[in-house]
Peer 1: 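Below you will find the structure I want to go over with you.
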Amino acid sequence: MSFFMSHADNDPRPTPWTALILLLLAVLAVHAIDSDRQSIILGGARNAGHIPLFMLVTLLVSRFFRGHTLKTVTTVAVIALSSEISQLVTGGETDWRDLLADIAGASLMLAAIALWRGRRGAARLAAVGLMLIGVAPLCGWLYAGYQRSAAMPCLARFDAPLLSSAQRPMNASISARTETTLSLSLGQKRYAGLRLLDPVADWSGYDRLTIDFATAPPVPITLRIHDRDHNNEHEDRFNRRFDSGSASVSIPLDQIRNAPTGRSMDLTRIEALTFFTSDPPPGTLLEVSAPCLQREAN
């Protein structure tokens, strides 16, 4: 806890280690990802990273101002607002949620500093707890990324609750799940089904995509795949309709790469894979096995 106070309690100047850690985290936060739209997992990690980042900013500023609360709050607020406004110049995307995360991180650290200065065991334990709360969302998103990458060469782990933000039922509810299989009850609306957002976006180095799904009663299912350059037009993505309502097929990635009209799909930047049907009858069930990538045998 030497970061809270220097060796002399009446000399709360920032230590070199505090400044170094803050600098490293700031560089990582700025350069890790350009936009939340590029990846659900990386975007979530970046957003969650605002909280511990501004906990450290608040700690450093507080030490510069020798614990003066008003000066600390004012300076941190200016830094938070400036970091968002600067993105208008740098081409980034301002987001009020980032500002709220900055405020949350600053508030947690101010409370932790106040508790730590109480010098009582329970108060200092509470201060540590507040810091752990601030770090927990970032750890959760990083672990979600690990879970998804560990599933490769398959594109989903349906039993991982931290990945639910990337596995989105559309007008459907989940009725059962295992690690590799998801069962959904489809609503009577258009485009009912399942969307996997940026499902391990880099498919380079693989040759085929295996697909296995079934509906009961049988209804036509469309498989749609698009990359981040998708212009939202039907001709600019891969589309395949299965009228039987079920399939167990292996699709060459060359067919997916060459599906858009007038360009090649970027297989290093896949954004979404979607199963859907239109206006299913009442009680329609869709069972999807995790799509998997395969390499051709040499």
Peer 1: Cut-off 3.5 Å, no hydrogens considered: what does the side-chain donor-acceptor table look like for residues 277-284, sequence neighbours left out?
Peer 2:
| unit_1 | atom_1 | unit_2 | atom_2 | d |
| --- | --- | --- | --- | --- |
| T277 | OG1 | P220 | O | 2.7 |
| T284 | OG1 | P281 | O | 2.6 |

Peer 1: Cation-pi check for Y206 against R295: NZ or CZ below 6.0 Å from the six-membered ring centre and within 45 degrees of the axis, yes or no?
Peer 2: yes
Peer 1: Using every non-hydrogen atom in the two residues, find where A247 and F242 come nearest and quote the distance to one decimal.
Peer 2: CB-CD2, 3.6 Å
Peer 1: Run the salt bridge (Lys or Arg N to Asp or Glu O under 4.0 Å) test against R237 and tell me which residues pass, sequence neighbours left out.
Peer 2: none
Peer 1: Can you name the salt bridge (Lys or Arg N to Asp or Glu O under 4.0 Å) partners of R224, sequence neighbours left out?
Peer 2: none
Peer 1: Does R120 CZ have over 12 foreign heavy atoms under 6.0 Å away?
Peer 2: no
Peer 1: To the nearest 0.5 Å, what is the distance between CE (M109) and CG (L60)?
Peer 2: 11.0 Å
Peer 1: Could you tell me which residues satisfy salt bridge (Lys or Arg N to Asp or Glu O under 4.0 Å) with R241, sequence neighbours excluded, listed by chain and number?
Peer 2: D243
Peer 1: Could you give me the CA-CA distance, side-chain angles and deciding distance for H230 and D236, then say whether side chain to side chain donor-acceptor pair (under 3.5 Å) is met?
Peer 2: CA-CA 6 Å; H230 180 225; D236 198 51; 4.9 Å; no
Peer 1: Within the distance-only criterion (no hydrogens, no angle test), does the side chain of R157 pair as donor or acceptor with the backbone N or O of A151 below 3.5 angstrom?
Peer 2: no
Peer 1: Within the 3.5 Å criterion, strictly below it, is a donor on S264 or R257 matched to an acceptor on the partner's side chain?
Peer 2: no
Peer 1: CG of L209 to CD1 of I211: how many Å apart, nearest 0.5 Å?
Peer 2: 4.0 Å
Peer 1: For S183, check side-chain hydrogen bond (donor to acceptor under 3.5 Å, both in side chains) against everything at least two apart and list the hits.
Peer 2: E287
Peer 1: Which pairs, with at least one residue in residues 124-234 and sequence neighbours excluded, count as a disulfide bond (SG atoms under 2.5 Å apart)?
Peer 2: C154-C292
Peer 1: Would R240 and Q255 satisfy side chain to side chain donor-acceptor pair (under 3.5 Å), going step by step from the backbone distance to the final call?
Peer 2: CA-CA 11 Å; R240 181 166 295 181; Q255 293 183 10; 2.6 Å; yes
Peer 1: So among R228, R269, R148, which one has a side-chain hydrogen bond (donor to acceptor under 3.5 Å, both in side chains) with D198?
Peer 2: R148
